[in-house]
Amino acid sequence: MLHADLIAPIAELLRRHAATRCDKIAYRDAHTVVTYGALLTRTGRLAGHLTDAGIVPGETVALMLPNSVPWVESLLAIARAGAVSVPISYDSTEAEIAYRLADAGACIGQDHSLQAA
């Protein structure tokens, strides 16, 4: 059965969940717990910071964090900013990291002056 109501931008899905499950736990790891309401707020703020830093829709943003609540928040915030996340395994070697950054064209900011080598 197709649930067409679930086909929506991430920001809209986060808003819906925050409205109906505000104080329920969305994600938890060994150190952090975040509710649906807090997830909406935190990802919105982080998306704003990414935009302020010069990230534009369609741009790639590398993400290298251990599996955690901050990883989930960052992934969702990148999507809310309209960018494309490039998750990099936290235990990757230097060569693997360099390859992923170059392959994805990940860069910092709009001017691409800090492009990954």
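Taking every heavy atom of both residues into account, A77 and A47 meet most closely at O-CB, 3.5 Å. Taking both residues in full, the closest heavy atoms of A11 and R80 are given as CB-NE, 3.7 Å, listed atom of the first, atom of the second, then distance. When every heavy atom of A62 is checked against every heavy atom of L101, the shortest pair comes out as CB-CD2, 3.3 Å. For the residue pair L75 and P87, the shortest heavy atom distance occurs at CD1-CG, 4.4 Å. Counting all heavy atoms, side chain and backbone alike, T43 lies closest to E73 at CG2-O, 3.5 Å. For A18 against L40, the heavy-atom pair with the smallest separation is CB-CD2, 3.7 Å.
Atom CG of residue L50 and atom CZ of residue R45 lie 14.5 Å apart, to the nearest 0.5 angstrom. For the atom pair SG (C22) and NE2 (H17), the distance works out to 13.0 Å, reported to the nearest 0.5 Å. Atom CG in L14 sits 5.5 Å away from atom CG in L76 (nearest 0.5 Å).
Residue Y36 is not grouped with residue V72 when hydrophobic side chains (ILVMFWY) are merged at heavy-atom distances under 4.5 angstrom, including chains of intermediate members. Under the 4.5 Å side-chain contact rule for hydrophobic residues, V84 and I10 do not share a cluster.
Checked by atom type and distance alone, the side chain of T60 pairs as donor or acceptor with a backbone atom of G105 at under 3.5 Å. Between the side chain of T32 and the backbone N or O of D29, no donor-acceptor pair lies under 3.5 Å.
Other residues, nucleotides and ligands contribute more than 12 heavy atoms inside 6.0 Å of the CG atom of D103. Heavy-atom neighbours of E94 CD from other residues, nucleotides or ligands within 6.0 Å: at or below the threshold of 12.
Between E96 and R100, no side-chain nitrogen of the basic residue sits less than 4.0 Å from a carboxylate oxygen of the acidic one, so the salt-bridge criterion is not met.
Each of V69, T41, I25 was compared with V34 under the side-chain contact (heavy atoms from CB on, under 4.5 Å) criterion, and only V69 meets it.
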